[in-house]
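The block underneath contains the structure these notes are about, expressed in structure tokens.
Lettering follows sequence order; numbering is per chain, from 1. Values below: every heavy atom of this structure, side chains too, minus hydrogens, waters and symmetry copies. The structure displayed is predicted, hence computed values, not measured ones.
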Amino acid sequence: MEVKDTLSSTMKTVETREGKRMNMFVCGPTVQDRPHMGHARTYVFYDVLARYLRYKGIRLFYLMNITDIEDHIITKMQETGRSWEDITTSYSSEFFEIMRRLKNNSVNYYAFATDYIKEIIEQILKLIEKGYAYKISDGIYFRVRKFKDYGNLSKQNLDELRAGARVEVREEKEDPLDFALWKMKKEGEPSWPSPWGDGRPGWHIEDTAITESIFGPQYDIHGGAKDLIFPHHESEIAQMEAVSGKKPIVRYWIHTGHLNVDDIKMSKSLKNFVTVEDALRSYWPEAIRIMMLSMKYSAAVNFEEKAAIDAQGNAERISILYHRVSGVPEIRSDWALEMTGRIFAPLENDMNTPEVVREIISFVKDSLARNKLSEQEKGEILYVLRQIEAVFGIVHTVPLPDKSMDIILKMRNESRKKGDYDSADMIRDTLKSLGVHIEDTSEGSYLWW
RNA sequence: GGGUAGGUGGCAGAGCGGCUAUGCACGGGACUGCAGAUCCCGACUAUUGGGGUUCGAAUCCCCACCUACCCUCCA
């Protein structure tokens, strides 16, 4: 399997470490607001990546951080008057709930930044000791110029960065590029004790403290959206490699593109912020996953209602097939294995999920077109669908809410036999309003939902 | 201004020098009590523009234009 690595700008073959193990870290959210569709895009992608690596037999540990202390959270406190605990608890709970509803279930461990204050302080102490960090009145800063690889990931030239910098320069800093490792407490801000006084960690140091304490100084895959390349991931490289003296910190850097809405960047000020919860009111989680996976992960893409409607249609078709074949034992035949292999093959080429979605839709349509499925055929199709579900999570398999539906279905078919179509249609319409669809075929009537 | 990716039919997206995928959406028909699912047919007759290399280019080279993202808020 090959992936596009941001640092080298080349395709790299994914190789596991001993014991087929891999460690993956993906930047999680700052819990200061509600999850939106951009988050959904990123986290659905990494979820599928994790599922696929495991499907291939790799023993993957998937770690995600939760930034629960950061400037934005403090701004939110000031704007709303809510406490730090209140804000971070409620938004992190909401994030986990959204992840669950989107079927993003592959994360092994969520690490909260504030649970790693001790490790953060230890890293800063090492950086000071090695001459990579210095103290000024409002905090501890990283000496960027001392780390000569700074800029390699984002392909930025430091001198041009400086020319384009539009932040106000703090005179005390040795260089405008230097970034904060520790920020001294200001009135009303949450803080933790440190050797330099009460304060809070800078944004970048959280992640390296977490990954070092869980993975060690080097690990395999680091993911996140493209906007994090600079300065966030750049700074992570500098911090960790400066602390440990070992490089590279990460073997494969993978970055996802942004999601725009109706050609405009999603932003709160433009009010085109689509929350995941809103989307889930209109579309199945499986549909949202299909929509996200229909686009190349690395490209910037546009979210349009039409794409969501298409995806919902495909999700429903998959569900129809699933409900037609479920109920028989799955059969892992040569045909089923070959079909599964063909469907997943494009993932080997830098996670080409759009190809896979097309393959899946073709498979589903072909299967639906085959009338009179034998038990054997149903079992084989079921096997393939289960593999698709394992990796993509796009098969709507929630259990039927009420077993009495079967009786209602029988009653309706009695009505149809008698030619009482008004009653039959009334039953169908009523069930539909409950989210349960009836599909009459020459083989009999099926339900799907 | 600097950097990184790109520009293929309505949308998504293959093609990696010659045989112009594919999926969805769209139009017509079949089947069905109707709907859905499915099938058949059709239309889209696409490769940002301009040069060049070549017997031959969406595919290679040059120029221009355009788009997205980054240049210390951001998944």
Side-chain angles (χ1 to χ4, degrees), chain A residues 4 6 9 26-30 32-33 35-46 67 70-72 75 144 151 153-168 176-180 202-204 223-232 234-235 255-260 263 265-268 290-291 293-296 298-302 304 306-307 309-311 313-314 316-317 320-321 324 346 349 352-355 357-362 364-371 416 419-422 424-425 428-429 432 437-443 445-446 448:
Chain A
K4 179 77 182 281
T6 309
S9 301
V26 173
C27 282
T30 298
Q32 46 125 359
D33 216 326
H36 60 247
M37 290 301 274
H39 294 110
R41 184 189 188 197
T42 296
Y43 298 126
V44 166
F45 171 74
Y46 289 107
T67 299
E70 213 261 330
D71 290 359
H72 277 106
T75 306
V144 166
L153 183 71
S154 55
K155 316 289 186 286
Q156 298 284 349
N157 176 298
L158 295 196
D159 295 316
E160 263 150 17
L161 270 185
R162 181 186 233 168
R166 54 183 161 137
V167 272
E168 77 270 45
L177 290 171
D178 295 348
F179 57 85
W203 180 33
H204 317 307
K226 279 195 157 91
D227 54 0
L228 298 180
I229 294 172
F230 188 94
H232 188 53
E234 198 77 72
S235 302
H255 290 98
T256 53
H258 267 210
L259 184 78
N260 294 340
D263 282 322
K265 181 168 174 169
M266 218 182 318
S267 79
K268 279 174 247 177
I290 289 170
M291 176 173 61
L293 296 168
S294 296
M295 311 171 200
K296 190 73 201 286
S298 51
V301 298
N302 201 26
E304 294 174 306
K306 189 175 164 296
I309 292 165
D310 283 0
N314 285 138
E316 289 179 2
R317 246 192 292 242
I320 289 168
L321 178 64
R324 275 197 206 173
N349 177 26
N352 190 341
T353 56
E355 277 299 333
V357 170
R358 275 197 300 285
E359 288 291 338
I360 290 171
I361 293 165
S362 294
V364 169
K365 291 196 76 162
D366 288 350
S367 301
L368 285 170
R370 283 157 67 187
N371 292 324
R416 289 175 70 211
D420 181 6
Y421 295 119
D422 286 345
D425 289 350
R428 184 168 65 194
D429 292 345
K432 193 175 177 184
H437 301 251
I438 294 177
E439 187 204 1
D440 299 321
T441 74
S442 55
E443 306 293 306
S445 298
Y446 293 96
W448 64 272

At under 4.0 Å between heavy atoms, what does [X] touch on the DNA or RNA strands: base, sugar-phosphate, or nothing?
X: A/Ile229; result: nothing
X: A/His437; result: nothing
X: A/Tyr43; result: sugar-phosphate

* With sequence neighbours excluded, tell me which residues meet side chain to side chain donor-acceptor pair (under 3.5 Å) with A/Ser294. =>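 Once residues adjacent in sequence are excluded, A/Ser294 has no partner under the side chain to side chain donor-acceptor pair (under 3.5 Å) criterion.
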* Asked: Taking only residues two or more places apart in sequence or in another chain, which ones pass side chain to side chain donor-acceptor pair (under 3.5 Å) with A/Asp178?
  ->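 A/Asp178: side chain to side chain donor-acceptor pair (under 3.5 Å) contacts with A/Tyr134.
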* **Residue list, salt bridge (Lys or Arg N to Asp or Glu O under 4.0 Å) with A/Asp71, at least two apart or on another chain** =>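 A/Lys183, A/Arg200.
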* Asked: How long is the span from the CZ atom in A/Arg358 to the CG atom in A/Asn314, to the nearest 0.5 Å?
  ->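 Here the interatomic distance stands at 12.0 Å.
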* **Interatomic spacing from CE in A/Met295 to CG in A/Asn302 - rounded to 0.5 Å** =>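 The CE atom of A/Met295 sits 8.0 Å away from the CG atom of A/Asn302.
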* Asked: How does RNA chain B look in dot-bracket notation if pairs are Watson-Crick or G-U with both distances under 3.5 Å, crossing ones as [ ], other-strand ones as |?
  -> ((((((((.[[[..)..(...]]].(((((.......))))).....[[[[[..)....]]]]])))))))....
In whole angstrom, give me the gap between the [atom1] atoms of [N] and [M].
N: B/rG33; M: B/rG28; atom1: C1'; result: 23 Å
N: B/rC63; M: B/rG23; atom1: P; result: 39 Å
N: B/rG51; M: B/rA58; atom1: P; result: 14 Å
N: B/rG36; M: B/rA68; atom1: C1'; result: 40 Å
N: B/rG17; M: B/rC24; atom1: P; result: 29 Å
N: B/rG29; M: B/rU47; atom1: P; result: 31 Å
N: B/rC74; M: B/rU38; atom1: P; result: 45 Å
N: B/rA57; M: B/rC41; atom1: C1'; result: 33 Å

Between [N] ([atom2]) and [X] ([atom1]): distance, integer Å:
X: A/Leu153; N: B/rG3; atom1: CG; atom2: C1'; answer: 12 Å
X: A/Asp227; N: B/rC71; atom1: CG; atom2: P; answer: 8 Å
X: A/Ile309; N: B/rG23; atom1: CD1; atom2: C1'; answer: 17 Å
X: A/Ile290; N: B/rC24; atom1: CD1; atom2: P; answer: 12 Å
X: A/Met37; N: B/rA75; atom1: CE; atom2: P; answer: 16 Å
X: A/His232; N: B/rC71; atom1: NE2; atom2: P; answer: 13 Å

* Asked: A/His36 stacking on B/rA75: centroids under 5.5 Å, ring planes under 30°?
  ->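 Answer is no, no stack.
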Would you say the side-chain atoms of [X] pair up with the backbone N or O of [Y], donor to acceptor, closer than 3.5 Å?
X: A/Glu234; Y: A/Gly151; answer: yes
X: A/Asn352; Y: A/Glu355; answer: yes
X: A/Lys4; Y: A/His255; answer: no

* Selection from B/rU72, B/rG2, B/rC24 that lies nearest to any side-chain heavy atom of A/Ile361 ->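 Nearest nucleotide to the side chain: B/rC24.
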* Asked: Of A/Cys27 and A/Asn314, whose closest RNA chain B nucleotide lies nearer the 5' terminus?
  ->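 Final value for this comparison: A/Asn314.
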* Asked: Of A/His258, A/Met291, A/Arg41, which meets side-chain contact (heavy atoms from CB on, under 4.5 Å) against A/Val301?
  ->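 Exactly one pass, corresponding to A/Arg41.
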* To do: Hey, can you tell me if A/His204 and A/Phe179 have their rings parallel, tilted or perpendicular (30° and 60° cut-offs)?
  =>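 Ring orientation of A/His204 relative to A/Phe179: perpendicular.
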* To do: Name the orientation class of the two ring planes belonging to A/His39 and A/His36 (parallel below 30°, tilted from 30 to 60°, perpendicular beyond 60°).
  =>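 Ring orientation, 0 to 90° scale: tilted.
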* Chi angles and distances behind the side chain to side chain contact (heavy atoms under 4.5 Å, CB included) call for A/Phe230, A/Leu153 -> CA-CA 8 Å; A/Phe230 188 94; A/Leu153 183 71; over 6 Å; no
* Per-nucleotide protein contact string for nucleotides 4-16 of chain B, where B marks a base within reach and S marks sugar-phosphate only (heavy atoms under 4.0 Å, - for neither) -> S-----B-BSS--
* **Base versus backbone protein contacts along nucleotides 29-41 of chain B [heavy-atom cut-off under 4.0 Å; B, S, -]** => ----BBBBSSS--
* With A/Glu439, the salt bridge (Lys or Arg N to Asp or Glu O under 4.0 Å) member among A/Arg324, A/Arg428, A/Lys432 ->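 Of all the options given, the one that passes is A/Arg324.
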